[in-house]
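All figures in this text were calculated on a predicted structure; none of them were measured in a lab. All values below come from the heavy atoms of this structure, side chains included, with hydrogens, waters and symmetry mates left out. Sequential numbering from 1 along the given sequence is applied to the chain's residues. When a ligand or atom number is given, it counts from 1 through the structure's own listing order.
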Amino acid sequence: MNEIEKSLNPIIKLEHTYTSLPNHLFTKQMPAHVPSPKLIVLNTKLAQTLGMDVTRLQSDAGTQFFSGNGPFEEPPIAQAYAGHQFGYFTKLGDGRALLLGEYITPHGEKYDVQLKGSGRTPYSRGGDGKAALGPMLREYIISEAMDALGIPTTRSLAVVTTGEMIQREVPLEGAILTRIAKSHIRVGTFQYVAKWGTINDLKALADYTLERLFNPCPNQSNPYLYLLEQVVKRQASLIAIWQLVGFIHGVMNTDNMTISGETIDYGPCAFMDIYDPKTVFSSIDREGRYAYGQQPIMAGWDLARFAETLLPLLHSDAKESVKIAQETLNGFKQQYDTFWIEGMCAKLGLQETQDDDLDLIQSLLHLMETYKADYTNTFRLLTLGQQASLDFSQAEDFKTWETKWQNRLNAQAVSKENIQKLMMTHNPVVIPRNHKVEEALAAATNHHNYKIMNELLKALRSPYDYTGAYAEDLLVVKQTSCGYKTFCGT
Ligand code: AMP
Ligand code: MG
């Protein structure tokens, strides 16, 4: 490709199907021009997987693209949405993000390409529409860790700094994250239309969503019921996986629940270290609404808000609609429980679930809570057969549990080797330890030193690799994690 062809050929070729939806669901908006963008991190693996031109993404033109300076063939859009934030309903929308368009991979998969931190939009309310380097790198690190753990998530393609300082409690370096998602449609998007749109708008959004995310739809007589069922199912599975690895999202407002079933918005999230269902890291979650143990309950609450938006589409008779929605929502708890118990059994090396396995699982969790054990390390040591290294290995109640567990394992017609293999694929060795993430971010933001971050990212890409030689501080809980606090990245 010569220079002229290159300049005509967009860095990432995009479609713009979202603009076929009713006008009030989005606003066309150019990103704020930034003075001197610099590429900080590019996810070359992801770019390759998506079939993008890595060399061009690494070029100056790529950096301009990621910074919002463009050029863009079509104006980006800010998406309108609403949301229950800590229980209170509010009109929201992309206040600091812009959807550049949808990218089609060589395999025909469609992904949103979004800039986060690209300036004010009509939905910015009092905010400046900008983002700081620390929180954008934090999203990059955690979302990549989540993906490697096998958890559905939005992805991070790149982070650039903008060359300008943004005002927070102290001035911080401005940055923009390029986010890739199956779609950014949220429960809050449906809430927005249900509240401020017509029934035809709601139908248009539901049809677009079905076409985009749940195609083909086998229930042609009631596609909207299928939509509800699928969202419930994807969330039941997603939240179960969060619980199984100890991920705490921190701000499960309805605007932060995707319809695609991808984890989104890595603001105050963090991984639990010491097992305690009451664990909360977010500084703004004073009541523990989104504590670890609350996550399945709050997901059910968010899904009920989603079901409410679909009521006019589920049945022509209002009472019938409520009944159908209620029945579908009732399925959430049961589906979640099944995913969770099966996952927990695999973590303990049990190939099939039996009736009294729940007891076995709960007794272990109870021991971990009593002895303030690290969640990840307990399962890792059990996987390695090194339970003698657990701090509470000599406690009588643990010994009783261990005997029960061993008897249950021995009753399976499965070799020790295969039991361990199963456990190794379900119990991560490496998670983004809070102290390590903070250390990486401090070096990056204070000294532009990305060595720790890159080492951390490398380790996090193979979380189930039991053969790796890991630095001790990737595996241990630091005292500093107690009372660890996270903040929304605004
Ligand atoms: P979040 O906490 O990132 O889920 O954001 C909640 C809402 O606040 C969304 O509507 C965001 O677009 C908006 N928001 C967050 N940070 C900013 C900012 N710096 N400027 C404008 N809007 C923002
Ligand atoms: Mg959000």
Side-chain angles (χ1 to χ4, degrees), residues 25-27 29-32 34 68 76-100 112 114-140 142-143 146 153-154 156 159 162 164-179 181 183-193 195-196 248-260 262-270 281-285 289-290 298-299 302 305-306 485-490:
L25 286 190
F26 60 89
T27 307
Q29 172 74 52
M30 290 311 286
V34 304
I77 59 167
Q79 290 174 302
Y81 54 86
H84 275 92
Q85 298 197 305
F86 289 90
Y88 297 98
F89 187 72
T90 325
K91 202 182 232 182
L92 296 162
D94 288 334
R96 58 163 167 172
L98 288 172
L99 181 64
L100 299 181
D112 278 3
Q114 193 204 56
L115 299 183
K116 185 168 174 181
S118 49
R120 285 182 56 79
T121 77
Y123 314 109
S124 294
R125 298 173 292 158
D128 61 0
K130 303 283 169 89
L133 179 59
M136 293 308 99
L137 289 179
R138 193 161 198 284
E139 171 152 348
Y140 188 103
I142 312 268
S143 61
M146 294 286 277
T153 175
T154 63
S156 299
V159 175
T162 59
E164 63 183 10
M165 300 301 279
I166 61 168
Q167 198 50 49
R168 293 295 180 264
E169 274 172 27
V170 290
L172 297 172
E173 205 168 349
I176 296 172
L177 172 92
T178 302
R179 181 155 75 178
S183 134
H184 283 86
I185 299 171
R186 307 142 190 267
V187 168
T189 318
F190 277 84
Q191 288 183 292
Y192 183 91
V193 183
K195 175 88 180 169
W196 290 290
I248 305 175
H249 184 280
V251 58
M252 290 173 67
N253 295 331
T254 53
D255 51 303
N256 290 338
M257 179 182 267
T258 60
I259 300 301
S260 68
E262 292 175 310
T263 311
I264 196 169
D265 268 357
Y266 293 90
C269 64
F281 292 120
S282 168
S283 58
I284 56 168
D285 191 3
R289 180 180 170 94
Y290 299 130
M298 293 325 300
D302 288 354
R305 306 289 78 73
F306 177 56
K485 281 276 163 268
T486 56
F487 301 88
C488 279
T490 46

Check: Centres of the Tyr290 and Phe86 rings: under 6.0 Å?
Finding: yes
Next item on the list: Tell me which part of Arg125 gets within contact of ligand 1: side chain, backbone, both or neither, using heavy atoms under 4.0 Å.
Entry: side chain
Item checked: Atoms in ligand 1 with a heavy atom of Asn256 nearer than 4.0 Å -> 4 (O)
Short N/O distance, under 3.5 Å, between [X] and ligand 1?
X	answer
Arg96	yes
Leu92	no
Tyr123	no

Next item on the list: Please determine which of Arg96, Arg120, Arg168, Gln167 meets the side-chain hydrogen bond (donor to acceptor under 3.5 Å, both in side chains) test together with Asp128.
Entry: Arg168
Check: Would Thr27 and Tyr123 count as having a side-chain donor-acceptor pair, cut-off 3.5 Å?
Finding: yes
Notebook entry, point to check: Which word best sums up how the rings of Phe89 and Trp196 line up, parallel for under 30°, tilted for 30 to 60°, or perpendicular for over 60°?
Noted result: parallel
Checklist line | Shortest heavy-atom approach to atom 19 (N) of ligand 1 - which of Ile264, Asp128, Asp265 | finding: Asp128
Check: For atom 11 (C) of ligand 1, which candidate among Gly119, Gly83, Gly127, Gly93 holds the nearest heavy atom?
Finding: Gly93
Notebook entry, point to check: Protein N/O/S atoms under 2.8 Å from the Mg ion (ligand 2): how many?
Noted result: 2
Checklist line | Atom pair OG1 (Thr189) and CD1 (Ile259), whose distance is rounded to the nearest 0.5 Å | finding: 7.0 Å
Next item on the list: State whether Arg186 and Asp302 are salt-bridged, where the test is any N-O pair (Lys NZ or Arg NE/NH1/NH2 against Asp/Glu carboxylate O) under 4.0 Å.
Entry: no
Note to self: Just to check, does Gly267 reach to within less than 4.0 Å of ligand 1 when the distance is taken from its heavy atoms?
What the structure shows: no
